[in-house]
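Just so we're clear, the structure is a prediction, and the values are computed from it rather than from any experiment. All ligand and atom numbering here is 1-based and tracks the order in the structure.
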Amino acid sequence: MIKPDRVVTSTCPYCGVGCTLELHVKDDYIFKVTSPFDSPVNHGNLCVKGRFGYDYVYHPRRVTTPLIRKIPQKAGERTQAFDLSEWREVTWEEALNYVADKLVEIYQRDGSDALAVYCCAKATNEDNYLLQKMYRALFRTNNVDHCTRLCHAGSVVALQQAIGSSAMSNTASQVMLNDVFIVTGSNTTENHPIIALQMKDAVRQNGAKMIVVDPRRIELVDFAELWLQLKPGTNVPVFSAMAHVIVKENLINHKFIAERTEGFTDFIESLEKFTPEYAEEVSGVPAEDIRKAARLYANARNAAIYWGMGISQLSHGTASALALIHLAFLTGHIGREGTGLNPLRGQNNVQGASDMGAMPFHYPGYMRVDNEQNAAQWEKTWNIESGGLSRKLGLTTTEILSHAHAGGVRALFIMGENPMMSEPNLNATREHMQQLEFLVSQDIFINESGAFADVFLPATPFAEKDGTFSNTDRRVQRVRAAHPPRGEARPDWQIVCDLAQRIESRLGRATAKWDYASPEEVLREMASVNSDYAGITYDRIDKVGLIYPVPDLNHPGTPTLFTDSFPRGRGKFIPLDYVHIMEEPDDEYPFILTTGRVLEHWHGGTMTRNSVLDEAYPEARVDIHPADAEIHGIRNGDPVKVQSRRGEVVLRATVTEKTSVGVVFIPFHFAEAAANLLTNDALDPQAKIPEFKACAVQVFPAREKDLANPEAVVSRGRY
Ligand code: SF4
């Protein structure tokens, strides 16, 4: 048995659950991962990614030397270079000077709007804070965003409008206090496996009633009291019909509505049209099941709603999330332990990156950039002349790429994200990327986006850096280096500070602080303005983390929000209409494609496809219902071509009743059959989130030789 040199406690780099990891290290290699039973987040449990998915840190494809492209790239002719032979190894000095020279040249020639940056939901709070600071303080632009735009932007906008705060109102482990809970648009077992364990425990041990609302027969259906199998994109009529029933049957919480909300009268008028029968007609969910779900939820002592991207990733994602918020307002199932509105955040630090201001409309702490007082506060903190920071709202991720043309965005800096896998309509994304004049990738692998770059800056993965992540519960937890960086790789926060100093001297700007002694010093600077984090120090979160808001150094944290009031005062009912998905099926494209994740993989696959996890699930599959498969002559395992108006992929079919008739499902992790070649880039007008969850496709039989890798076969078959 191997005896570790040391065991380092850290936080999982994959999903928003934020499980505690114990990294067992021998000779500067992690050889085993365990978890302590007293972790308040995961109680010693880990899913396959947290337990085994750390080996990407040592993968031979990892890049640990700064690189510059051998052939200079030009706007309009930019190509992808995955092979190291197309890159020149350079010193950090040369790489950073080159990046600083180019960014400053473009800024001085074309102004602030020509620059944009993707921060990273996988990087630490400190990394994200510094990168947004660099772009705001030095280039005076709010063209700062990250992949929150692509996952929960609809939820964020809805919660901000109705409540004034966009994080989960309660912690996930409070599911154990629910009598009734709704899980919707979330395949929790595959996306947040440890939260799914707690949900199943709540049912089995406590007798809680779970209502699943989802187009797919996800594993949680086996534990549910009710499953409402709706058509993709019909959340608003289904949840509004539940609200209709709650009002008509007088199951409302009169006291809560009177004391804590506004807009009720207009709202109930808008509900008239959402009868259960109308909802059945458009969604396929039996009216009687809608009535049962409404009564169960409204009559519970403590009820909560947990949701995922099936709610938000729609061109009406904001309205979808508002329909859920209304249910909590009508019944008063918010503001107490075991109740609440809980958008399950996807990436390990998507909550934290948003808290750090990695968004185009907000400074850290969700302070609007177009508010004078907010701007003045950050000008003071960053030692910037009065009026120096831009008050103009920046571009979102999706807009940054569509503005990549002459007169628009010319230079893009990408830290740890992979838009060439994660954006919708990837053929259009490719064209946009090619139009950039200058592209920097700061990452650990040359992924599909980094391959387009001029410069590659090798960063460190979670196991080689210190800092903090904020999980979906709002729990701020420590990330600790298990061993020194491989090769010449550097932690992101150090790369950003080094680059910022070079840019600042070229611009001749007054000096903002960039010479931090540690990431903790970075966090303390952010917390000096963002009161949610004011009481968080590395000492205080040494063992178990703290759940923000933590307004002072003695505050114990706030697991349950909105106990007395909402940040905007009263909760606001906002009348809704049913808006259809942008691309309904027709004769040419008769199926609805919906996309999502599988347990073994993560997002664009930069980490998991360079891990042993890829052996467990090595190929993309499309799920198709047996009735549809029979009509199209497709058997389980057959190669098929899936085509939309924007692109096509070839992959094997899984014939399964997990999906419904007329709906096919493809995970979006696989570059060789990238689901996002097919998806629709139509945006929610408010949240600017694309409609990943529903577009029209056709499915055709294909040949073995058309598969990218015919040898790869998924062997798992649990559910
Ligand atoms: S549930 Fe999420 S945080 Fe926990 S081990 Fe799995 S991927 Fe990591």
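The ring pair (Phe, Tyr, Trp, His ring centres under 6.0 Å) test applied to H601 returns H669, F670, not counting sequence neighbours. Under the rule for a salt bridge (Lys or Arg N to Asp or Glu O under 4.0 Å), D473 has no partner lying at least two apart in sequence or in another chain. By the ring pair (Phe, Tyr, Trp, His ring centres under 6.0 Å) test, Y533 is found to be paired with Y548, residues two or more places apart in sequence or in another chain being considered.
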Please report the C-alpha distance between N348 and W602 in whole Å, then the side-chain angles of each, then the deciding distance to 0.1 Å, and finally whether the side chain to side chain contact (heavy atoms under 4.5 Å, CB included) criterion is met.
CA-CA 11 Å; N348 57 320; W602 194 251; 5.6 Å; no
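Of all protein N, O or S atoms, those under 2.8 Å from atom 4 (Fe) of ligand 1 number 1.
Counting only heavy atoms from C-beta outward, the side chains of L220 and T189 approach each other to under 4.5 Å.
In summary, the aromatic rings of H192 and Y306 are positioned with their centroids too far apart to meet the 6.0 Å limit.
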